Amino acid sequence: ELEVAIKVVIVGNGAVGKSSMIQRYCKGIFTRDYKKTIGVDFLERQISLGGEEVRLMVWDTAGQEEFDAITRAYYRGAQACVLAFSTTDRDSFEAVRSWKKKVEDECGEIPTVLVQNKIDLADHSVVEPEEAEMLARSLGCRLFRVSVKEDVNVGPVFRHLAACCLEE
Ligand code: GDP
Ligand code: MG
């Protein structure tokens with residue numbers, strides 16, 4: 001039986017919720033004190049999409065993003081990308097373009113989505129909704145507003161990426 005496997009990388013500044021998102025999506029849980037180092041390179045989840053079984057391998061950075069030391073091995077062979085920023089962290093929003101460039105330099109053009117995480121903290125937002133939409137448009141990717149904490153819109157991010165990969 002033919003099985004499709006997709007390597008997905010999640011990039012963005014530290015503390016935007018990347019590790020939490022991987023844990024939420026692959027294990028279905030959210031823990032406040034989820035450690036930066038989970039001791040594995042990736043977690044995986046299998047979904048069925050249009051009659052096909054798709055295995056998503058979602059890679060975590062183990063905190064190296066703070067030192068700008070993400071290795072080639074992290075990006076190698078990635079077929080889809082999540083660009084993540086936080087609703088309450090302006091720097092993380094401003095950094096999205098440079099993250100996209102890093103991925104492009106290593107992987108070329110791959111299906112990519114923009115994820116605004118922590119929308120449960122919208123009352124403390126430092127990013128206007130129009131700004132996020134404009135950024136998504138100028139990067140040519142879809143915007144997903146997500147709360148990993150409250151489990152809002154996490155699944156659709158990965159289904160969308162998987163669908164894009166299957167189309168190619
Ligand atoms: P990473 O450095 O990008 O991997 O971020 P983490 O997954 O370690 O998350 C950083 C902090 O943000 C942790 O304290 C998480 O519990 C918290 N966090 C992650 N997602 C959300 C969310 O959707 N809402 C809120 N309020 N906090 C979140
Ligand atoms: Mg992390």
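Both ligands and their constituent atoms are indexed starting at 1 by order of listing. It should be emphasised that the depicted structure is a prediction, and the values quoted were computed from it without experimental measurement.
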ask   = Do Ser138 and Arg97 have side-chain N/O donor and acceptor atoms under 3.5 Å apart?
value = yes

Can you list the ligand 1 atoms lying under 4.0 Å from a non-hydrogen atom of [X]?
X      : answer
Asp120 : 22 (C), 23 (O), 24 (N), 25 (C), 26 (N)
Val148 : 20 (N), 23 (O)
Ser147 : 23 (O)

note = Which of Asp120, Thr87, Asn117 passes side-chain hydrogen bond (donor to acceptor under 3.5 Å, both in side chains) with Ser147? It is Asp120

ask   = Is the Phe158 ring parallel, tilted or perpendicular to the Tyr25 ring (thresholds 30°, 60°)?
value = parallel

message = One residue to check: Leu121. Relative to ligand 1, which of side chain, backbone, both or neither has a non-hydrogen atom less than 4.0 Å away?
response = side chain

inquiry  = Please work out, at 4.0 Å between heavy atoms, whether the side chain, the backbone, both, or neither of Val16 comes within that distance of ligand 1.
reply    = both

query = With no hydrogens and no angle check, is any side-chain donor or acceptor of Lys18 less than 3.5 Å from a backbone partner on Asn13?
reply = yes

ask   = Which is it for Asp60 and Leu43 under the side chain to side chain contact (heavy atoms under 4.5 Å, CB included) test, yes or no, and what are the steps along the way?
value = CA-CA 8 Å; Asp60 199 6; Leu43 292 177; over 6 Å; no

message = Within 2.8 Å of the Mg ion (ligand 2), is there any N, O or S atom belonging to Ser19?
response = yes

inquiry  = What I want to find out is whether Glu130 reaches Arg137 closely enough, with some N-O distance under 4.0 Å, to be called a salt bridge.
reply    = no

ask   = N/O to N/O below 3.5 Å, does that happen between Asn117 and ligand 1?
value = yes

query = Polar-atom distance check: Gly17 versus ligand 1, any N or O pair below 3.5 Å?
reply = yes

message = So Tyr75 and Lys102, do their side chains get closer than 4.5 Å, heavy atoms only?
response = yes

ask   = Nearest to atom 10 (C) of ligand 1 by heavy atom, Ser20, Gly12, Gly14, Ala15: which?
value = Ala15

